[in-house]
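Proteins get letters first, then strands, A, B, ... in listed order; numbering begins at 1 in each.
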Amino acid sequence: MMQSLHPNSNSKFTPLMMANAKAILSLLQGCNSMRKLHKIHAHILINGYQHNPSISEKLLNFCAVSVSGSLAYAQLVFHRIHNPQTPAWNSMIRGFSQSLSPLQLQAIVFYNHMLSASHAWPDTYTFSFLLKACEEAKEEGKCREVHGFIIRFGYDQDVVVCTNLIRSYAGNGLIETAHKVFEEMPARDLVSWNSMISCYCHAGLHEEALKMYDQMRISNVGFDGFTLVSLLSSCAHVGALHMGVQMHRFACERRLVENIFVGNALIDMYAKCGSLASALSIFNSMPKRDVFTWNSMIVGYGVHGRGDEAITFFGRMLMAGVRPNSITFLGLLCGCSHQGLVKEGVQYFHMMSSEFNLKPGIKHYGCMVDLFGRAGKLKEALEVIRSSPSQHDPVLWRTLLGSCKIHRNVEIGEMAMRNLVQLGSLGAGDCVLLSGIYAEAKDLQGVARMRKLIQSRGIKTTPGWSWIEVGDQVHRFVVDDKSHPDSREIYRKLEEVIHRASLVGYAMEESSLVAAPESNTQEYCWETSTSYHSEKLAIAYGLARTPEGTSLLIVKNLRVCRDCHNFTKFVSKAFDREIIVRDRVRFHHFRGGHCSCKDFW
DNA sequence: CTAGGGTTAG
């Protein structure tokens with residue numbers, strides 16, 4: 001009788017017409033689309049369950065939180081609840097916290113409403129969701145304010161709430177505050193440790209991240225795949241191969257190498273630490289591969305200047321049915337430019353948009369400038385900048401300036417310089433580059449002008465550093481560093497190294513005209529002959545502290561200067577060592593007096 | 001069955 005009153009009486013939900021609350025609940029549980037939800041909602045109304053708290057909460061939760069839900073619908077449902085309790089508020093706050101910006105601010109609005117206009121009290125869940133919203137919406141002030149409430153409610157004793165606090169602070173750039181919360185929380189579990197490490201990793205504080213691991217071991221919480229992935233990423237960034245190998249061993253022991261996240265992180269670590277062969281062997285052993293897997297290999301080959309192999313892997317990637325993204329093309333273009341594969345680079349640049357519907361970004365244009373510039377086609381490089389949508393980006397002009405240095409082009413170099421001045425982003429490195437161009441053209445006045453420019457404008461400089469990992473320690477050096485505990489020994493060793501390198505042909509460039517990219521202070525800027533660049537110190541230390549025949553890996557934040565590049569070539573010959581230098585932009589493999597970049601960088 | 005953690009580029 002009742003069935004005939006209902007228009008949907010033929011639908012498969014018909015039996016529910018007489019269903020009890022329990023049946024409706026279980027149907028809500030299995031709901032996976034708004035279409036089904038509308039039907040279930042109709043049944044709820046017909047059966048008079050709209051005021052049943054557990055049903056309306058479940059309904060609300062689905063709309064607000066599920067990927068196939070609808071926040072707009074959730075709001076309608078919410079406003080029909082007479083006296084919403086904490087779980088209902090939580091659903092709304094959670095829903096908005098995971099929505100697109102700037103909608104996340106609505107999570108905070110709901111929370112404020114909850115405090116002022118309802119009888120429901122926030123609980124630990126409320127704060128977890130709310131902190132997530134503060135993190136996503138970059139609401140630093142609100143984050144601090146919420147922290148105050150958390151303390152007043154006594155929820156600062158809760159691990160999950162504290163972990164959310166850490167992420168929220170770190171996401172707002174307050175990494176030290178985040179660490180303070182971490183230190184002061186009553187107990188730390190595995191997730192809290194992993195969060196703290198990943199926050200450091202994201203903030204670029206890789207040495208801090210790696211240090212956390214030592215403390216983590218003492219605290220006996222163990223580790224898992226999440227731990228390894230963040231740590232491996234930090235190892236990759238700082239070039240800590242030995243530590244990375246140790247992580248690899250842990251991964252094997254715990255059967256975590258089969259985890260795709262761990263495998264991808266291992267590939268990246270080995271590639272960034274100069275060991276492409278190991279990266280490849282991980283790649284070959286992976287049971288499943290995704291876009292990260294392929295990109296890590298392609299980018300790895302790219303930064304090592306092996307464009308042909310990057311291209312080969314790109315082809316295999318397509319064959320495997322994995323869709324490339326913009327990072328894939330960055331790796332490809334980088335490889336092409338460093339290997340001088342101009343034709344191929346151009347082809348892939350066009351392929352991005354024509355075949356994969358990917359819009360080239362500023363970095364892709366940067367690669368194109370580099371591709372032409374490095375190959376000596378400076379006019380074409382200039383044309384790329386002119387035709388790019390981001391012709392007012394200093395990065396492009398800076399890249400062009402670098403190419404002018406390689407090809408000793410004063411005219412276009414000066415043009416690049418003028419644009420950098422106009423864009424108000426002239427850096428010391430730019431002056432040093434142009435000065436180098438003048439020096440090679442024997443234009444002493446030009447060199448003097450650059451020197452004056454730096455001094456008169458008080459141009460901000462990037463301090464240069466190099467680091468080398470010896471044993472389980474990362475050692476960091478700056479120009480003329482005397483802060484290392486073994487400083488005296490290092491300088492003695494360096495004198496010996498220079499002597500032995502000179503026996504096989506090395507001659508230090510005495511000319512004060514040789515401007516060094518590492519020069520970070522005015523004193524050292526023009527006096528190469530009296531200063532020791534950080535990588536020389538790192539190399540000396542590495543030679544002194546590692547067994548004969550082992551290869552050295554140096555990581556530095558700036559480009560290698562010509563003298564150091566030359567020096568390293570002769571050292572590799574004199575000491576019969578492989579020396580790998582990871583530059584700001586690429587890898588140099590020195591062996592037997594030659595470099596893999598073929599003096600082209 | 002209301003909560004917190006992961007990789008490539010920059």
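- Looking at heavy-atom distances under 4.0 Å, A/Phe127 makes no contact with the nucleic acid at all.
- Protein atom CD of A/Gln98 is 13 Å distant from nucleotide atom C1' of B/dG4, rounded to whole Å.
- Remark: C1' of B/dA9 and CZ of A/Arg584 are 13 Å apart, rounded to the nearest angstrom.
- Within the nucleic acid shown, A/His202 comes within 4.0 Å of sugar-phosphate atoms alone, with no base atom in reach, counting heavy atoms only.
- Side-chain N/O atoms of A/Ser233 include one lying less than 4.0 angstrom from OP1 or OP2 on B/dT8.
- Residue A/Leu190 is in base contact, counting any heavy-atom pair closer than 4.0 Å across all strands shown.
- Of the side-chain N and O atoms in A/Lys272, one or more sit less than 4.0 angstrom from OP1 or OP2 of B/dA9.
- The side chain of A/Arg188 places no N or O atom within less than 4.0 Å of a non-bridging phosphate oxygen (OP1 or OP2) of B/dG4.
- Between the C1' atom of B/dT2 and the CG atom of A/Leu130 lies a distance of 15 Å, rounded to the nearest Å.
- The aromatic ring centres of A/Phe329 and A/Phe314 sit less than 6.0 Å apart.
- Taking only side-chain atoms of A/Asn295, from C-beta outward, the nucleotide of B/dC1, B/dG6, B/dT8 with the closest atom is B/dT8.
- In terms of the side chain to side chain contact (heavy atoms under 4.5 Å, CB included) criterion, residue partners of A/Ser388 (sequence neighbours excluded) are, by chain and number, A/Tyr365, A/Ser390, A/Gln391, A/Leu396.
- For the pairing with A/Asp583, the side chain to side chain donor-acceptor pair (under 3.5 Å) check across A/Arg559, A/Lys556, A/His588 returns one residue only, A/His588.
- Distance CG (A/Leu232) to P (B/dG6): 15 Å, rounded to an integer number of Å.
- Closest to the A/Val191 side chain, of the nucleotides B/dA3, B/dG4, B/dG6, is B/dG4.
- Distance alone, capped at 3.5 Å, is enough to place a donor-acceptor pair between the A/Gln339 side chain and the A/Gly307 backbone.
- Near DNA chain B, meaning a heavy atom under 4.0 Å from it, residues 59-75 of chain A has no residue at all.
- Considering only side-chain atoms of A/Asp158, the nucleotide from B/dT8, B/dA3, B/dG6 that sits closest is B/dA3.
- Considering only the side chain of A/Val160, B/dA3 comes nearest among B/dA9, B/dG6, B/dA3.
- In terms of polar N and O atoms assigned as donor or acceptor, the side chain of A/Ser192 comes within less than 3.5 Å of the base of B/dG4 in a complementary pairing.
- Using a distance-only test at 3.5 Å, with no hydrogens or angles considered, a donor-acceptor pair links the side chain of A/Glu469 to the main chain of A/Leu241.
- Here A/Asn264 pairs with A/Ile260, A/Met286, A/Asp290, A/Phe292, A/Thr293 under the side chain to side chain contact (heavy atoms under 4.5 Å, CB included) rule; sequence neighbours left out.
- Per the stacking criterion (ring centres < 5.5 Å, plane angle < 30°), A/Phe261 does not stack onto the base of B/dT7.
- Qualifying salt bridge (Lys or Arg N to Asp or Glu O under 4.0 Å) partners for A/Glu253, counting only residues two or more places apart in sequence or in other chains: none.
- Remark: A/Glu258 engages no residue in a salt bridge (Lys or Arg N to Asp or Glu O under 4.0 Å) (not counting sequence neighbours).
- Base engagement by A/Val159 is indicated by at least one non-hydrogen atom pair under 4.0 Å involving a base atom.
- Contact annotation for A/Thr124: base contact, defined as any heavy-atom pair under 4.0 Å involving a base atom.
- At a cut-off of 3.5 angstrom, counting only N and O atoms as typed in the model, there is a donor on one side and an acceptor on the other between the side-chain of A/Asp189 and the base of B/dG4.
- Nucleotide B/dA3 holds its P atom 6 Å from the CZ atom of A/Phe129, rounded to whole Å.
- Near-neighbour residues of DNA chain B inside residues 79-93 of chain A, defined by a heavy atom below 4.0 Å, number-ordered: A/Pro87, A/Asn90.
- Counting only heavy atoms from C-beta on, A/Asn264 has its side chain closest to B/dT7 among B/dG4, B/dT7, B/dT2.
- A/Phe292 does not qualify as a stacking partner of the B/dT8 base, lacking a centre-to-centre distance under 5.5 Å together with planes within 30°.
- Taking atom CE of residue A/Met247 and atom P of nucleotide B/dT7, one finds them 15 Å apart after rounding to whole Å.
- Rounded to whole Å, the distance from CE on A/Met286 to C1' on B/dT8 is 12 Å.
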Passes side chain to side chain contact (heavy atoms under 4.5 Å, CB included), A/Ile311 versus A/Tyr348? Steps please.
CA-CA 9 Å; A/Ile311 289 171; A/Tyr348 288 118; 3.1 Å; yes

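- Ring centroids of A/Trp89 and A/Tyr111 are separated by 6.0 Å or more, keeping the two rings apart.
- Which of B/dT8, B/dA3, B/dG10 sits closest to the side chain of A/Asp268 comes down to B/dT8.
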Set out, in order, the CA-CA distance, both residues' side-chain angles and the distance that settles salt bridge (charged side-chain N to carboxylate O under 4.0 Å, His left out) for A/Glu176 and A/Lys180, then state yes or no.
CA-CA 6 Å; A/Glu176 279 169 21; A/Lys180 195 153 176 277; over 6 Å; no

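- In this structure, A/Ile282 places its CD1 atom 14 Å from C1' of B/dT7, rounding to the nearest Å.
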